[in-house]
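Naming: A, B, ... by sequence-line order, numbering from 1 per chain.
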Amino acid sequence: MNAPVAITPALVAEHGLKPDEYERILKLIGREPTLTELGIFSAMWNEHCSYKSSKRWLRTLPTKGARVIYGPGENAGAVDIGDGQAVIFKMESHNHPSYIEPYQGAATGVGGILRDVFTMGARPIAAMNALFFGSPDHPKTRHLVSGVVGGVGGYGNSFGVPTVAGSVLFDRRYNGNILVNAFAAGIADTNAIFTSQAEGVGRPVVYLGSKTGRDGIHGATMASAAFGGADAEEKRPTVQVGDPFSEKLLLEACLELMASGAVIAIQDMGAAGLTSSAVEMGAKGDLGILLELDKVPTRETGMTAYEMMLSESQERMLMVLDPQREKDAEAIFRKWGLDFAVIGHTTDDLRFRLVHNGAEVANLPIKELGDQAPEYDRPRTDPVPAAPLDRASVPEPADYGEALVSLIGSPNMSSRRYVWEQYDHLVQGNTMQRPGGDAAVVRLPGTPKALAFTTDVTPRYCAADPFEGGKQAIAEAWRNLTAVGALPLAVTDNLNFGNPERPAVMGQFAAAIMGIGEACRALDFPVVSGNVSLYNETDGASIPPTPTIGGVGLLADAAAMATIAFKAEGEAILLVGKAGTHLGRSAYLAELLGRDEGAPPPVDLRAEKANGDFVRKLIADGRITACHDVSDGGLAIALAEMALAGSIGAAINPVPSADKLAWLFGEDQARYVVTAPQESVAGITEAASAAGIPVSSIGRTGGAELTCTGTFAVPLAKLRSAHENWFPDYMAGPA
Amino acid sequence: MKSAVIVFPGSNRDRDMIAALELISGQKPISVWHAETSLPKLDLIVLPGGFAYGDYLRTGAIAARANVMRAVTEAAEAGVAVLGVCNGFQILCEAGLLPGVLMRNSRLSFICRDVNLRVETTDSRFTSAYRKGEVFSTPVAHGEGNYRADDETLKRLAGEDRVAFRYVDGQGRTTDAANVNGSVDSIAGVLSEKRNVLGLMPHPENAVEPAQGGIGGRKMFESIVGKVLA
C-alpha cells in the first residue's frame, strides 16, 4: 500500500460519502481504505453511477418488448428494426458541467453519448438534444445559450453525426441550473452488438484513445451535488475538455477493430473513467481485473493512482481483447494515430487490484463495488396535483390575431432555426425530415425504411402534476413519431430532478416514474435506456421535474413519411381528436399572461392510442397530405406552423358553441391536424366513425393569411416574422 | 469512370461523396488514405468535407501538407479532374491548387441550410450539364466558408470566367441576405486556371436524391460523368 493518508471524517465527506456509507465500506473490506480506494468508492457509489436513490423506482418501468434486444444496464438500449439490424440509442444529461463551462460541458455531453452508442458497435446516425435555460432576461442566459449551442454544434459537426432534432425551453426555474440532455442513436447488425461483459481469465485489458490527464477528476461526484452560490466558478476544473477529432478517430478505429473480431468486451470511459469501466467489465463477466497503472498513457507526469482512477479525460476506451489478435488490434489503432496500451489483464479472483510504482494501491472486491452500493427508499411526500384552472378568471383577448402573433413570437413558441442551423443536420446524406417538424426522419440506406426521432417533455405540466406530466411526456413522444408516420418503438428517459433527500422532490420523482410507466405500458413503448440526474438545485431551489423523453420510431416505407407543411391550396383541414377545452397550464396562459396555473391536460391513454393508430394508418395508406400533432399553443399554433411550413394560408371555422379561446389555444391531448384532398374527406370520416375516432372538418387551406371566421385574419408574413425573429433578435442583445 | 475519394483523419462527408458518385456514375470510387504517396490512374479525385485533423489549426492547413497531396497535385497538373467540397475546397486553397482563402463566416457561427447557387460558367467538366445562369438549391454546412482573395486575383477570376457558382436568392440575384457566409462577390466556387480543379463550399453530394430534399447537385455529377464518358 502507498504512503497512508489519514481517512478523516472530513475527507470522507469531501468525497460525497455519508458516514453510514463509509461504515458500509469498512464492513465490506474489513479495514480502512487507502485514499485511492476511497476515491474509487466515491466514484462508484455516488448518485450518478449507483442510482442509489432512483433504482427502486426505475425497476417499476416496463423495459421489455418483442423488439427489445438490450434494455437498461448496457451502455445504450438496443431495439430490433428488422433485416438483421438494430437501432441503439440513449440520452444522457450533462447539466452541471454545462452551467459551469457551457461550451465544453455541452460538447463533452455530446461526446459521451456518442461513445455510449459506438461502444456497442453502432455507427451513430442521429443526434438530438433537449436544452432548458433560465429566463431570457436572466443575466447569464444569453451566454449559456450561446455556449451550449456552440458546444453541441462544435462537437457533433466535427464528429460527423447529423443533429436532427431537439428542443430549447426557457423558464426562470432553470436560472441557476440549466439542463443539457444529449441523445444519440446508431445502427448495428444484431449479430455484432458489443457489450462490456468480459470473458476469459488472463486476457489483456487494453487502454485505447486519448491520454489520461487531470481533467474532470470527480466529475461524477460533482454531478451528484447541488450548487451553492460561488460553487460554479470553483468547480470549473472538474469540467472535461472535448476533442471531437479524437472521438471521430476513436469511432473509426473501434468499428474497424470490432469488425476484425479481436474485441471480447468494450466499455467507454465515461463518468468515473477508468474506475467504472474496469469494474463494470470485470463484475459483469464474473472476473477480477488487475491494472498496472504505470502503463496508463498519461498527458502529464507524476499523476497519482488516485488521479488516474478518477480522471474523466474524454475520448478513451477500455477493451478486453483476444490475446491472439493483440498485434492486429494495435496496428489498427496506430493507423488512426491513437494510443494503445495493454494496462492489465483479467483474473479469476474477483478482486479489483491496482499496482502503481511497484506497490498495490487498491485491492477491492469487484462485484461488491457495484452490487453492494447503497440503495435508498428515500422518504417522500406525494405531490398534490394542482387544482383546475378557474376559466372565468381568464379574459378573452382584445384581439385574437394579435394574441396569436404574440404567442408564436414568444420565447418558448418561436422558431428554433437560429439554434438548429448551427448544427450540421444533413451530414451522412440521409436526413429526410429536418428540424422544425414533429419528428426528424433519417432513412436507412439500402432499405426502404427510415427511423424517426423526437425529444419531449412539458416541465410546466410536470411541475403541476408529476404523474400526468410523466404520462404526457411519453404520450407526446409517441404522438410526434406517429405524426410523421412512424411506428413508435421505444424510449430513452433522461430524468432530471432536484435533491432526492427532499421528500417533496422524491415524491415528484416517484409520481413521474409511475406516470411514465403507465403510459409506456398502455402505448407498448418500453424504456430501453436512460439516465438520472438528481441534485438539480441551486441555493435550495429545485428545477421543475423534467423527465425528458427521447423517442424512436420506425417507418417501414420511408416514402410514406408525413410532414407538417400544407401541400396545396383548397385542401380540407381535419381535426383528429376532440375539440379543445383545456386551458390549464397552457402556453397561452404562461407565455401571454405570465400565469402558471391550473391542472395540466389529462392524458387519456386509450384515446391517445386509438387516435394515433388511426392517423398512422392514414399516413401509411397515403390518404392525407400533411399531419401535425396538437401540443403547446393548441390548435391555433398547430395550424400556424403548418401554414408557415408550406407557405400556404388557411381559413378555419370555430364550432359555434365552443369556448373559442379554449378551442383555439387549449392543449387537450391525443389530437392531430391533418389535411386531405376534398374528395378524400368522406372516406376518412367514414373510416373514423367506424373506428369510433372523433374527426371533424374545420376548414380549408389556401391564400396568404390564416383566418378564423369572425375571429381573426393574420397575414402569414406577419406570423413568420414574429416566429422567426424572436431568437436571433434575442441573441443579438447585450452579452 | 475511375474516381477516388481522399480520406483524411477527420473527413466526415467521404461516405456521402462515395454514395453520390456511385449513384450517378454506377461505379464505386476507391477510398485513398491520406498517408498514401501515390495514386492509381484516375479520372476524378475528390477531397471531401469534414474537419481534417480536427481543423484545430487554420482549416485545411495540415491536410494540404499530407503525403497524398503531392500525388493529388501531380494529377491536377496532368489534367485529372479534382473536386474539393467544403473542407476539400479549404484544403485546395491551402495547397495552392486554387487561389484565395476561406475565412470564418461573416456571422461568426456554423451554418447548415439550403442555399441557392447560380451557375456562372458551363465551361468546365463540373458544370457542363447546367445552363449558364441556372439557379439550383443545395445545402451548405460550414463555419469557415467566407471566400476571400485580393483584388488582382478577383479580377483574373472574373476575366478568365473562373467563378463557377455564386450565392443568390430564389430569383437569381446576389444579395447580402443570400450571401450565406459573406464571401467576396458572393463567390461559392472557383475553378483553376486549367479548369480541371473545382472548389466549392456547398455540398452537391447531399442533394442528388429527392429523399434528401432536392436534387440540385445532381447535374454536377452528371457533368463529370458525361464528360468522361463522352
Side-chain angles (χ1 to χ4, degrees), chain A residues 123-125 146 149-150 152-164 242-253 335-338 417-436 441-446 448 450 558-559 561 563 728 731-732, chain B residues 7-23 31 33-35 48-57 59 62-63 85-87 105 107-115 138-144 170 180 202-214 217:
Chain A
R123 181 176 283 278
I125 62 153
S146 166
V149 170
V152 168
Y155 206 100
N157 297 348
S158 175
F159 178 83
V161 65
T163 301
V164 293
D243 175 5
F245 173 58
S246 290
E247 178 111 327
K248 167 73 170 159
L249 302 184
L250 194 59
L251 162 76
E252 300 296 344
K335 171 187 152 190
W336 288 98
L338 294 166
R417 182 184 305 277
Y418 173 89
V419 173
W420 53 254
E421 281 195 345
Q422 295 185 50
Y423 305 150
D424 188 340
H425 47 270
L426 301 175
V427 63
Q428 299 186 12
N430 295 319
T431 306
M432 290 183 69
Q433 190 156 163
R434 304 179 185 189
V441 177
V442 176
R443 66 177 175 168
L444 299 168
M561 171 184 87
T563 66
M731 291 306 290
Chain B
V7 182
F8 299 95
S11 294
N12 67 24
R13 269 187 168 84
D14 46 326
R15 297 155 67 91
D16 306 33
M17 183 57 76
I18 289 167
L21 282 169
E22 192 176 2
L23 180 79
S31 294
W33 186 237
H34 69 112
F51 291 70
Y53 302 92
D55 275 345
Y56 292 132
L57 191 59
T59 52
I62 297 179
V85 170
C86 199
N87 196 212
N105 294 349
R107 274 161 261 181
L108 301 182
S109 50
F110 188 97
I111 184 127
C112 177
R113 70 158 71 137
D114 283 336
V115 296
T138 189
V140 293
H142 60 249
E144 307 192 20
V180 66
H203 290 285
E205 75 278 22
N206 285 156
V208 293
E209 291 176 80
Q212 294 169 321

> Thr431(A) versus chain B, heavy atoms under 4.5 Å apart: side chain, backbone, both or neither?
Replying inline: backbone

> With only heavy atoms counted, which part of Tyr56(B) is less than 4.5 Å from chain A, the side chain, the backbone, both or neither?
Replying inline: side chain

> Do you know which two heavy atoms are closest between Val427(A) and Asn12(B), and how far apart they sit?
Replying inline: CG2-O, 3.5 Å

> Between atom CD of Gln428(A) and atom CD of Gln212(B), what is the distance when rounded to the nearest 0.5 Å?
Replying inline: 12.0 Å

> In Å and rounded to the nearest 0.5 Å, what is the CG to CZ distance from Asn157(A) to Phe51(B)?
Replying inline: 5.5 Å

> Is there side-chain contact between Val7(B) and Glu252(A), with heavy atoms separated by less than 4.5 Å?
Replying inline: no

> Is there side-chain contact between Pro9(B) and Phe245(A), with heavy atoms separated by less than 4.5 Å?
Replying inline: yes

> Which bit of Glu209(B) is near chain A, if near means a heavy-atom gap under 4.5 Å: side chain, backbone, both or neither?
Replying inline: side chain

> At a heavy-atom separation under 4.5 Å, does Arg434(A) approach chain B through its side chain, its backbone, both, or neither?
Replying inline: side chain

>> Taking every non-hydrogen pair under 4.5 Å, which of Gly154(A), Gly429(A), Gly153(A), Gly160(A) racks up the most with chain B?
In response: Gly429(A)

> side chain to side chain contact (heavy atoms under 4.5 Å, CB included) between Arg13(B) and Asp424(A): does it pass, once the steps are laid out?
Replying inline: CA-CA 11 Å; Arg13(B) 269 187 168 84; Asp424(A) 188 340; 2.7 Å; yes

> Rounded to the nearest 0.5 Å, how far does CD1 of Ile111(B) lie from OH of Tyr423(A)?
Replying inline: 13.5 Å

> Using the ring of each side chain (for Trp, its six-membered ring), is Trp33(B) parallel, tilted or perpendicular to Trp336(A), with breaks at 30° and 60°?
Replying inline: perpendicular

> Looking only at heavy atoms, what is the nearest atom pair of Lys248(A) and Ser11(B), with distance?
Replying inline: CE-O, 3.0 Å

>> Using heavy-atom distances under 4.5 Å, tell me whether Ala211(B) contacts chain A through its side chain, its backbone, both, or neither.
In response: both

> Hey, what do you get for OG (Ser158(A)) to CZ (Phe110(B)), rounding to the nearest 0.5 Å?
Replying inline: 9.5 Å

> Between Leu426(A) and chain B, which part of the residue has a heavy atom less than 4.5 Å away: side chain, backbone, both or neither?
Replying inline: both

> Ion pair present between Arg107(B) and Glu421(A), side-chain N to carboxylate O less than 4.0 angstrom?
Replying inline: no

>> I need the residue from Met561(A), Gln433(A), Met432(A), Glu247(A) with the largest number of non-hydrogen atom pairs under 4.5 Å to chain B.
In response: Met432(A)

